[in-house]
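From a predicted model like this one, the values you see are computed outputs, not experimental measurements.
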Amino acid sequence: AERPGLLLERSALDLAGVARAAAESFKPRFADAAIALRVEARSVWVDGNASRLEQVVSNLLSNALHYTEAGGSVVLRVESTGGDAVIEVADTGVGIAPSELPRLFERFHRVQGTRARTHEGTGIGLALVQELVKLHGGSISVESEPDRGTTFAVTLPAGTHHLPPGHLIGMSTSAAAHPT
């Protein structure tokens, strides 16, 4: 159920464009930190809210930047897998201890004893990310290994076939003719 005050205006959008827009705004910060940022985004249409999904990607990129040291790398990937759209943010950062993983999406929980380049953050980011992903009918998962890196994967229902025809405005005719 949607919380009052957090409603989503949704439309057909290409997740690759959302991911590229988020990555573009982070490029200078990654460059300053001497961390490589690579974007591998395939076109995948979803029914979603562009600004909220950009917020999700930005938060995951911010975390990756926060916990990856100079010389490391981050890959932002968007792909379609078995009827789902997947956004992945994988870093070569410090990783997360297995004991911390179950509490990662709790409000105000901050990972303890982890090296970070900076000390910013409120501990609300991943809780909000999870809430926004759930509002889109999706899920988020994390895999991490200390000193090897972390990968967050957001899975959303792909396609726009369940949308009324009016929502397809702005899609290219080939995409509108062949919705997934």
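- Formation of a donor-acceptor pair under 3.5 Å by the Ser62 side chain with backbone atoms of Ser58 is not found in this model.
- No donor-acceptor pair under 3.5 Å is formed between the side chain of His136 and the backbone N or O of Asp47.
- Between the side chain of Ser73 and the main chain of Asp91, no donor-acceptor pair closer than 3.5 Å is present.
- In this structure a side-chain-to-backbone donor-acceptor pair under 3.5 Å is present from Ser25 to Ala22.
- Between the side chain of Asp14 and the backbone N or O of Val44, at least one donor-acceptor pair lies under 3.5 Å.
- Val86 and Trp45 fall into different hydrophobic clusters, where Ile, Leu, Val, Met, Phe, Trp and Tyr side chains are chained together by heavy-atom contacts under 4.5 Å.
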Could you go through Leu156 and Leu53, starting from their C-alpha distance and side-chain angles, then the distance that decides it, and tell me whether this counts as side chain to side chain contact (heavy atoms under 4.5 Å, CB included)? CA-CA 10 Å; Leu156 302 169; Leu53 288 174; 3.9 Å; yes
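- Atom CG of Leu60 is separated from atom OG1 of Thr150 by 11.0 Å, given to the nearest 0.5 angstrom.
- Using a 4.0 Å cut-off between charged nitrogen and carboxylate oxygen, Arg77 and Glu40 count as a salt-bridge pair.
- With hydrogens and angles ignored, the 3.5 Å screen pairs no side-chain donor or acceptor of Asn59 with any backbone N or O of Val129.
- Residues Val94 and Glu69 form a side-chain contact, since some pair of their non-hydrogen atoms from C-beta on lies under 4.5 Å apart.
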Side chain to side chain contact (heavy atoms under 4.5 Å, CB included) evaluation trace for Thr68 with Phe30: CA-CA 10 Å; Thr68 301; Phe30 274 86; over 6 Å; no
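- No hydrogens or angles considered: nothing links the side chains of Thr155 and Asp84 as a donor-acceptor pair under 3.5 Å.
- Side chain of Ser144 to main chain of Ile96: a donor-acceptor pair is present (N/O by atom type, distance under 3.5 Å, no hydrogens or angles).
- In this structure the side chain of Val78 never reaches within 4.5 angstrom of the side chain of Arg42, judged on heavy atoms.
- In this structure, the side chains of Pro98 and Pro146 come closer than 4.5 Å at one or more pairs of heavy atoms.
- Salt-bridge check for Lys134 with Glu131: failed, with every basic side-chain N at 4.0 Å or more from each acidic carboxylate O.
- No side-chain heavy atom of Leu76 sits under 4.5 Å from any side-chain heavy atom of Glu88.
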Go through it in stages, so that I can follow the logic: the residues are Phe152 and Leu126, the test is side chain to side chain contact (heavy atoms under 4.5 Å, CB included), and I'd like the CA-CA distance, side-chain angles, deciding distance and then a yes or no. CA-CA 10 Å; Phe152 282 93; Leu126 288 175; 3.9 Å; yes
Run Val154 and Val56 through side chain to side chain contact (heavy atoms under 4.5 Å, CB included) and show every step you take. CA-CA 9 Å; Val154 171; Val56 165; 4.1 Å; yes
